[in-house]
Amino acid sequence: PTVQELVSAGARVLYFWEGQQVLCTSIAECRETPGWQKQAGVPLAFGPPMAPGERQQIENTERGRRIVEPMCLARSSGGTESTSPMETVGRLQTFEQDPLATFRAHRPSCFPEAAAAPALRAPTVLHEADAFLKRTKHLEDELGSILANSNRSFTLGEAFTARSATERLNFLLLALVMKHREKNSSSFLNSNFFAMDFVHHLH
């Protein structure tokens, strides 16, 4: 669904667990939700992953009920994560050109191994572009030493804070998106959405 369609339906939150969309929040509710499958040892809330349309073929499903297919979240971080803002944006640019390449290389547990990947923007996979930096113990220690006595550090110009690296990544990503938007490029922005830290509204 589009954001407009979700808003029209009154949906403000999409909840995922282990990459699989959560469509029921209790055993009683799940048993009443068409398409839900119980299987011991499966960490997914809606049961084992199935290819699109496979739930429709389950024999014990009551006739006349619309089967619900949970969405599966495919994150880019397996192929894009980095501690560098510049490197992250470069990898995101590559990812945006072909999210399915990352999907095949880092297939999420919420999608069956043997099933063919759905086309872009087709159910049931949502492609998430992870536009945030990888955290490491070394970087946390380095940041802690710089900001040990204050939450701001000044040298020249704007102060350095715990948000500085992330804000730089957000700016670089915005510049990249606007660049491709001006070119009206069809080989970019192929993911469904960006996941970011310290998001600021644009006015």
Side-chain angles (χ1 to χ4, degrees), residues 1-3 5-6 11 13-23 35-58 67-136 166 169-170 172-181 183-197 199:
T2 63
V3 172
E5 290 170 338
L6 290 171
V13 176
L14 296 178
Y15 179 26
F16 292 84
W17 177 261
E18 296 292 336
Q20 187 186 68
Q21 185 183 13
V22 175
L23 298 170
W36 178 76
Q37 293 292 305
K38 180 181 179 181
Q39 182 171 329
V42 176
L44 303 174
F46 213 67
M50 295 184 183
E54 188 175 345
R55 293 179 195 275
Q56 302 281 354
Q57 302 172 10
I58 298 175
I67 306 303
V68 179
E69 293 273 9
M71 290 186 289
C72 175
L73 194 61
R75 302 177 59 188
S76 75
S77 53
T80 59
E81 65 178 359
S82 171
T83 58
S84 162
M86 285 290 292
E87 194 170 87
T88 300
V89 168
R91 292 179 179 181
L92 284 171
Q93 183 171 16
T94 300
F95 168 78
E96 284 294 336
Q97 293 169 356
D98 186 13
L100 289 175
T102 299
F103 176 87
R104 297 185 188 99
H106 305 276
R107 183 174 290 244
S109 61
C110 54
F111 198 84
E113 286 286 342
L120 291 175
R121 301 183 182 86
T124 54
V125 176
L126 286 177
H127 294 277
E128 172 185 310
D130 293 323
F132 48 80
L133 298 175
K134 180 181 180 181
R135 301 296 180 185
T136 65
T166 296
L169 169 59
N170 293 350
L172 292 172
L173 180 63
L174 175 62
L176 180 65
V177 170
M178 296 301 289
K179 173 184 175 182
H180 282 274
R181 183 179 180 182
K183 291 182 177 181
N184 194 25
S185 174
S186 59
S187 62
F188 195 67
L189 292 181
N190 285 315
S191 66
N192 294 96
F193 59 93
F194 288 97
M196 307 167 69
D197 284 333
V199 176

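Small disclaimer: the values here were computed from a predicted structure and weren't measured. Just so you know, these numbers use all the heavy atoms, side chains as well, and skip hydrogens, waters and symmetry mates.
Side-chain atoms of T80 and T88, non-hydrogen and from C-beta on, never get closer than 4.5 Å to each other. When side chains are defined from C-beta on, L169 counts as touching V89, because their heavy atoms get closer than 4.5 Å. Residues V125 and M71 fail the side-chain proximity criterion, which asks for heavy atoms closer than 4.5 Å. Counting heavy atoms from C-beta on, the side chains of L23 and Q21 come closer than 4.5 Å. The closest side-chain heavy-atom distance from F193 to E128 is below 4.5 Å. At a threshold of 4.5 Å between non-hydrogen side-chain atoms, the residues V22 and F16 do not count as touching. The closest side-chain heavy-atom distance from C72 to P108 is below 4.5 Å.
The minimum heavy-atom distance between S82 and R91, with the atom names listed, is CB-NH1, 3.8 Å. Of all heavy-atom pairs between P112 and A51, the closest is CG-N, 3.4 Å. In this structure, C110 and L73 approach most closely via the heavy-atom pair SG-N, 3.7 Å. Nearest heavy-atom pair, E113 versus R107, reported as atom, atom and distance to 0.1 Å: O-NH1, 3.5 Å. The shortest heavy-atom contact between P70 and T124 is O-CB, 3.8 Å. Between N170 and D197, the shortest heavy-atom distance links the atoms ND2-O, 3.0 Å.
Applying side-chain contact (heavy atoms from CB on, under 4.5 Å) to F46 and the options R55, Q37, E69 leaves one that passes, R55. Tested against S191 for a side-chain hydrogen bond (donor to acceptor under 3.5 Å, both in side chains), the candidates R75, H127, E96 yield a single pass: E96.
F111 meets the ring pair (Phe, Tyr, Trp, His ring centres under 6.0 Å) test with F103; sequence neighbours excluded. With sequence neighbours excluded, no residue forms a side chain to side chain donor-acceptor pair (under 3.5 Å) with T83. In terms of the side chain to side chain donor-acceptor pair (under 3.5 Å) criterion, E81 has no residue partners (sequence neighbours excluded).
Here CG of L126 is found 7.5 Å from CG of L14. Values are rounded to the nearest 0.5 Å. In this structure, CG on L92 lies 5.5 Å from OG on S76, to the nearest 0.5 angstrom.
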Worked verdict on N190 versus D98 for side chain to side chain contact (heavy atoms under 4.5 Å, CB included): CA-CA 7 Å; N190 285 315; D98 186 13; over 6 Å; no
